[in-house]
There are 2 protein chains.
Amino acid sequence: MAVSMSPKQKVYQEVLQEIRKLIDENKLKTGDKLPSERELSEKLGAGRSSVREALRAMELLGLIETKHGEGTFLSAYRPYQSVEVLASFILQETSTRNDLLQTKKKLEKEAAKMAYERLTDQNINELEKLTTDLSDDMKKQHLTYFTYLFTKTENLLLTRIWRLMEEYSHTMDAHYYDQKFYVELINIFRTRKYPSIESLFEDTVIIK
Amino acid sequence: MAVSMSPKQKVYQEVLQEIRKLIDENKLKTGDKLPSERELSEKLGAGRSSVREALRAMELLGLIETKHGEGTFLSAYRPYQSVEVLASFILQETSTRNDLLQTKKKLEKEAAKMAYERLTDQNINELEKLTTDLSDDMKKQHLTYFTYLFTKTENLLLTRIWRLMEEYSHTMDAHYYDQKFYVELINIFRTRKYPSIESLFEDTVIIK
DNA sequence: ATAAATAGGTGGTCAGACCACTTAACTATT
DNA sequence: AATAGTTAAGTGGTCTGACCACCTATTTAT
């Protein structure tokens with residue numbers, strides 16, 4: 001056995017490094033096109049399937065974007081995809097009911113506080129309409145209501161994580177608040193009583 | 001053209017979902033063995049190369065561990081690989097950065113509030129020791145400090161999600177607070193001034 | 001009983017073949 | 001000449017089959 005064995009990296013990991021080098025040397029920027037899979041395969045002396053394993057991993061990490069028939073492009077780094085995938089596995093692995101519902105509730109609380117600062121009177125009226133629409137069931141109403149608030153947070157990552165939890169919660173049997181809650185929150189928005197948001201959430205129990 | 005086209009997901013993404021289902025249904029835990037690539041390929045009706053694309057991506061994300069000649073195993077989530085890869089690729093984008101740091105901060109705030117109710121005097125002393133240990137750099141100190149607090153939340157899901165963001169934030173250049181912050185938070189714990197937690201966090205700026 | 005050889009299962013990798021999609025060049029029609 | 005339609009080439013998407021390398025357990029030979 002050789003004295004110093006390099007840990008024998010897998011081909012797709014080497015490809016990953018080579019692609020990074022390539023980007024560096026050619027000073028490629030967001031939106032630029034990478035060489036085609038076949039070209040990379042030939043230049044790097046690796047099979048196309050190995051190149052694809054590297055590219056798919058990069059894609060999942062949000063580093064590249066692939067367009068069928070066009071090519072592979074460097075993308076602005078947005079960890080949303082990977083965070084989502086990871087979160088989905090973490091959720092499935094750990095989610096005790098309580099953890100999920102408790103965490104989701106906290107995200108909703110923070111979203112309400114963030115939205116608070118950006119809501120106009122007009123916005124509040126729109127939101128109110130959503131609560132009075134009785135054609136939807138509670139589940140859908142909750143979703144609509146908070147989707148609106150999360151939009152106002154202007155934090156896409158926060159929104160996506162919440163949305164993921166919201167979807168997971170649908171597989172359980174509890175995921176919304178008492179009808180009065182939604183009305184009261186609007187009331188707080190109107191009367192500008194910021195500190196009440198915290199207590200409203202903390203005092204509210206999730207409906208089973 | 002059909003009226004409503006589903007976005008036609010790629011096979012490897014479907015495989016990803018199916019594997020998650022499989023883990024869920026069979027209640028697989030860390031260390032358990034996944035079906036072999038060939039078996040998955042057959043069961044899911046996908047080519048082995050597509051299955052591998054999914055598995056390689058999962059591997060890079062640290063969700064599974066592969067042992068040549070043995071099989072594929074669920075691993076305790078260790079994002080080493082993905083963080084390393086990302087770090088070497090990432091061009092920082094402000095909007096994304098802000099989303100992440102803002103969200104992470106809110107999770108830390110909620111953790112502090114949850115921990116508050118469970119911290120004993122003994123715990124607070126332990127926590128204080130962590131802040132006075134000057135052998136670590138700020139990054140590590142922040143990690144240690146909040147890891148402790150998140151443990152106290154007894155919400156594994158919340159902890160995992162935070163940890164994920166913490167890891168991701170390391171690929172950026174800002175992730176901790178002013179030294180005074182950590183001391184002040186301990187002070188709040190000692191003097192039992194719960195409401196101050198909210199304001200402490202809201203008034204604190206992330207160090208760049 | 002021990003050691004060696006073997007067989008089967010598993011991941012690692014490659015080559016080649018199609019398919020689906022996009023774009024641009026070319027051609028036929030007006 | 002302008003337009004519409006066709007074609008060809010390039011690209012990603014996917015599958016199949018073939019080996020190789022590695023591990024384990026069984027079998028076999030000593």
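Keep in mind that this is a model prediction, so the values were computed, not measured. By convention in this document, chain letters (A, B, ...) are assigned in the order of the sequence lines, proteins followed by strands, and residues within each chain are numbered from 1.
Using a 4.5 Å heavy-atom cutoff, the side chains of B:W162 and B:T147 are in contact. Looking at heavy atoms from C-beta onward, B:N123 lies in side-chain contact with B:K152 at the 4.5 angstrom threshold.
Evaluation of the salt bridge (Lys or Arg N to Asp or Glu O under 4.0 Å) rule for A:E59 yields A:R56, B:K10 as partners, not counting sequence neighbours. Annotation: ring-ring contact (aromatic ring centres under 6.0 Å, His included) contacts of A:F189 (sequence neighbours excluded): none. Residues satisfying the salt bridge (Lys or Arg N to Asp or Glu O under 4.0 Å) test with A:R118, not counting sequence neighbours, are A:E154. By the salt bridge (Lys or Arg N to Asp or Glu O under 4.0 Å) test, B:K109 is found to be paired with A:E110, B:E198, B:E202, residues two or more places apart in sequence or in another chain being considered. Remark: A:E128 engages A:N125, A:T131, A:I186, A:R190 in a side-chain contact (heavy atoms from CB on, under 4.5 Å) (not counting sequence neighbours). Judged as a salt bridge (Lys or Arg N to Asp or Glu O under 4.0 Å), and not counting sequence neighbours, B:R38 has no contacts.
A salt bridge between B:E18 and B:K21 is present, with a side-chain N of the basic residue lying under 4.0 Å from a carboxylate O of the acidic one. A salt bridge does not link B:E126 to B:K129: none of the charged nitrogens lies less than 4.0 Å from a carboxylate oxygen.
With hydrogens and angles left out, the side-chain atoms of A:E108 and A:Y177 include a donor and acceptor closer than 3.5 Å.
Remark on the helix from C:dA1-D:dT30 to C:dT30-D:dA1: inter-end axis angle 30°, axes from five-pair C1' superpositions, rounded to 10°.
Scanning residues 31-41 of chain A for heavy-atom distances under 4.0 Å to DNA chain C yields A:R38. Of all the residues in residues 46-56 of chain A, A:A46, A:G47, A:R48, A:S49, A:S50 reach under 4.0 Å from DNA chain C with at least one non-hydrogen atom.
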Name every donor-acceptor pair, under 3.5 Å, that has one atom in a side chain of residues 25-35 of chain B and the other anywhere in the protein, sequence neighbours excluded.
unit_1 : atom_1 : unit_2 : atom_2 : d
B:D32  : OD2    : B:K29  : N      : 2.8

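Between chain A and DNA chain C, the heavy-atom contact criterion of under 4.0 Å yields a 5' to 3' nucleotide range of C:dG12 to C:dT23.
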(message) Checking A:I64 against A:I19 for the side-chain contact (heavy atoms from CB on, under 4.5 Å) test, could you report, in this order, the C-alpha distance in whole Å, the side-chain angles of both residues, the deciding distance, and whether it holds?
(response) CA-CA 11 Å; A:I64 58 173; A:I19 292 178; over 6 Å; no
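For A:E59 and D:dG13, the CD to C1' distance is 11 Å, given to the nearest whole Å.
Counting heavy-atom neighbours within 6.0 Å of A:E39 CD, excluding the residue itself, gives a total above 12.
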Please list, for nucleotides 22-24 of chain D, all pairs of protein and nucleotide N/O atoms separated by less than 3.5 Å.
unit_1 : atom_1 : unit_2 : atom_2 : d
D:dC22 : OP1    : A:K8   : NZ     : 2.6

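You'll find the ring centres of A:F201 and A:F181 inside the 6.0 Å limit.
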